[in-house]
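First the structure, in the form of structure tokens, and then the observations on it.
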There are 2 protein chains.
Amino acid sequence: MSHSPQTPELIQDFLQGNRAALGRAITLVESNHPKHQMAAEAILSAAMSAKKNSIRIGITGVPGVGKSTFIEALGKLLISQGHRVAVLAVDPSSQRSQGSILGDKTRMQELSRDEDAFIRPSPSGETLGGVARKTRESMILCEAAGYDVILVETMGVGQSEILVHSMVDFFLLLKLAGAGDELQGIKRGIMEMADSIVINKADGENKQRAQRAQKEFQGALHYLQQRGDGWSPQVLLSSGLHNQGIEEVWSLIEGYIKESLASGKFDQQRSEQEAEWFYQSLKEQLQQAFQDSPKMKAALSEKLEAIQKRQATPYRAALGLVEDFLKEGQS
Amino acid sequence: MSHSPQTPELIQDFLQGNRAALGRAITLVESNHPKHQMAAEAILSAAMSAKKNSIRIGITGVPGVGKSTFIEALGKLLISQGHRVAVLAVDPSSQRSQGSILGDKTRMQELSRDEDAFIRPSPSGETLGGVARKTRESMILCEAAGYDVILVETMGVGQSEILVHSMVDFFLLLKLAGAGDELQGIKRGIMEMADSIVINKADGENKQRAQRAQKEFQGALHYLQQRGDGWSPQVLLSSGLHNQGIEEVWSLIEGYIKESLASGKFDQQRSEQEAEWFYQSLKEQLQQAFQDSPKMKAALSEKLEAIQKRQATPYRAALGLVEDFLKEGQS
């Protein structure tokens, strides 16, 4: 099976920064269809040889926190400074539909019209692991196409933050000033992952509450364990809608990146992330191969029955099954 | 390889409730040595046929919360009511040594002298997964030996709570009244797992603070999502040292067990736990087999190098490696 004769041309186009070509290249790489496999490999191989510098920023926050407006404001600022900005998303598939392509571009209307911006919604119809794989590879393609700032957004629910955190250089948590219960309902795990927190919608009547929340969060951050890298996460205020505080957020991020490039942390973290992605892929694919084996499917329900009948402990039942699987791995 | 001629005798002894025989049986089942494999299978098989009713209770709390004193008081109460009580532990191996056998029995001195109590420390020199496997199998042996209440203690650190939660019928969180920061530093995940909370050391000067903490925790539990089973976790007070509040805790647990037996939840949860244990074992053993394959060890470092040189994405590198492994699974 050889790849389509159009592939070399497509590669040339997207490497030159053509947005439509980049979109098509991502579609091929995202495809689960075997006939796109070779084209995907060629595209990824070309993208990886064309390594360019980039900054990857993860942005998380619950629905309603104003992520799109914030990202639009940040994106426009970056473009005005000469950057090219790609916006990718990692969202649980159940929350998204094909309609979200329109949704994302509608939500970030000005940004999406700009030639220096590339907006791509979360791949749909996938497990979270599948979404993460595709977003990681899309990121590589965007970088090869000359987008030097990659914003990866995700909703503040479930496991998606952990995944996004594991693929970016800087992880930003957007919050709203609440009704005094900020610290009550907070997910401590996400606080611990955040490189900084931004209280968004800090405008109008909300401003004072946002300032109070800023103090509370700054206080709460002190309860967390000291980081090994000497960085102290900050709590900033912003209004995406009124374009306030965005420059401060960017200069904070720039400062962090500069520091971590100088200390070597930047490269070390990326290389750790790749190793983690590799080991995670190995695990997932081993399990997938096991599940896909028809013999194992039959054996699995037999063993489950034996466990229910108290003929074997789950551990020892698994032991036998894995042995059988490896003996007849090809089947 | 056949098992030792002493095995049938050992089985008979431990099934009759002989504590020393139970200890030896657990040692054989815990053993990683291939020569104990057949004896272990015979012992487990006999234990599983001898299924007897039991209640499994997980007890967690940070060091200093008074777990041993609480367990000793609860254990003595249970024995006075005609129960036989086994105390097992799941602790991270780094925290434990062989010395802990002495440690546990010293900490629960009165209980350990009682013929109706069996105390066994956490198996040492193991990963947490290994500890969990052994504790689960020990639990089956204890039940076969006629211990009808199994207390599984763990320290309030890391992943061990999740493991213990997944092997018990009732999960109890022990807390201390702190200095007003109870809700600040709390691990929300553990709150969500707890079937109830006990504020221990609620005695003397501490009593008032414990009562305040009780109200605060009861309030905090309202913030958590409603459980599907209609159970509302309670917050009780106890003093293990002065033997206060222990009966109330036990009657709460008994009420819960009665309810969940009647609703069918009890059996359903046990069967889900066994399935989970089975799938978890499958995953772990697949990975283990992969890691143990000498060919894969060499290939792994080659692929990692290719990833660093940007010759393959981690996902695609893994894809190739798993294919190779399954083709030559026997090697």
Name all residues meeting the side chain to side chain donor-acceptor pair (under 3.5 Å) criterion together with B/Ser138; count only those two or more places apart in sequence or in a different chain, and write none if there are none.
none
Which atoms of A/Leu300 are under 4.5 Å from chain B, going by heavy atoms: the side chain, the backbone, both sets, or neither?
both
Among B/Ile140, B/Leu304, B/Leu319, the residue with the most heavy-atom pairs under 4.5 Å to chain A is B/Leu319
Just give me the residue among A/Ser49, A/Ala312, A/Ala47 that pairs up with chain B most often, heavy atom to heavy atom, under 4.5 Å.
A/Ala312
At a 4.5 Å cut-off on heavy atoms, which part of A/Ser45 comes close to chain B: side chain, backbone, both, or neither?
neither
Would you mind checking which part of A/Leu44 comes under 4.5 Å of any heavy atom in chain B, side chain (CB onward), backbone (N, CA, C, O), both or neither?
side chain
For chain A, find which of B/Gln308, B/Lys303, B/Arg310, B/Gln311 contributes the most heavy-atom pairs closer than 4.5 angstrom.
B/Arg310
Contacts with chain B made by residues 268-278 of chain A (heavy-atom distance under 4.5 Å), listed by residue number:
A/Ser271, A/Glu274, A/Ala275, A/Trp277, A/Phe278
Please tell me if the side chains of B/Lys309 and A/Met48 come closer than 4.5 Å, counting only heavy atoms from C-beta onward.
no
Checking side chain to side chain contact (heavy atoms under 4.5 Å, CB included) between B/Tyr315 and each of A/Arg133, A/Gln280, A/Lys134, which is the one that passes?
A/Arg133
Using salt bridge (Lys or Arg N to Asp or Glu O under 4.0 Å) as the criterion, list what pairs up with A/Arg136, not counting sequence neighbours.
none
What are the residues of residues 281-292 of chain A, in order of number, with any heavy atom under 4.5 angstrom from a heavy atom of chain B?
A/Ser281, A/Leu282, A/Lys283, A/Gln285, A/Leu286, A/Gln287, A/Ala289, A/Phe290
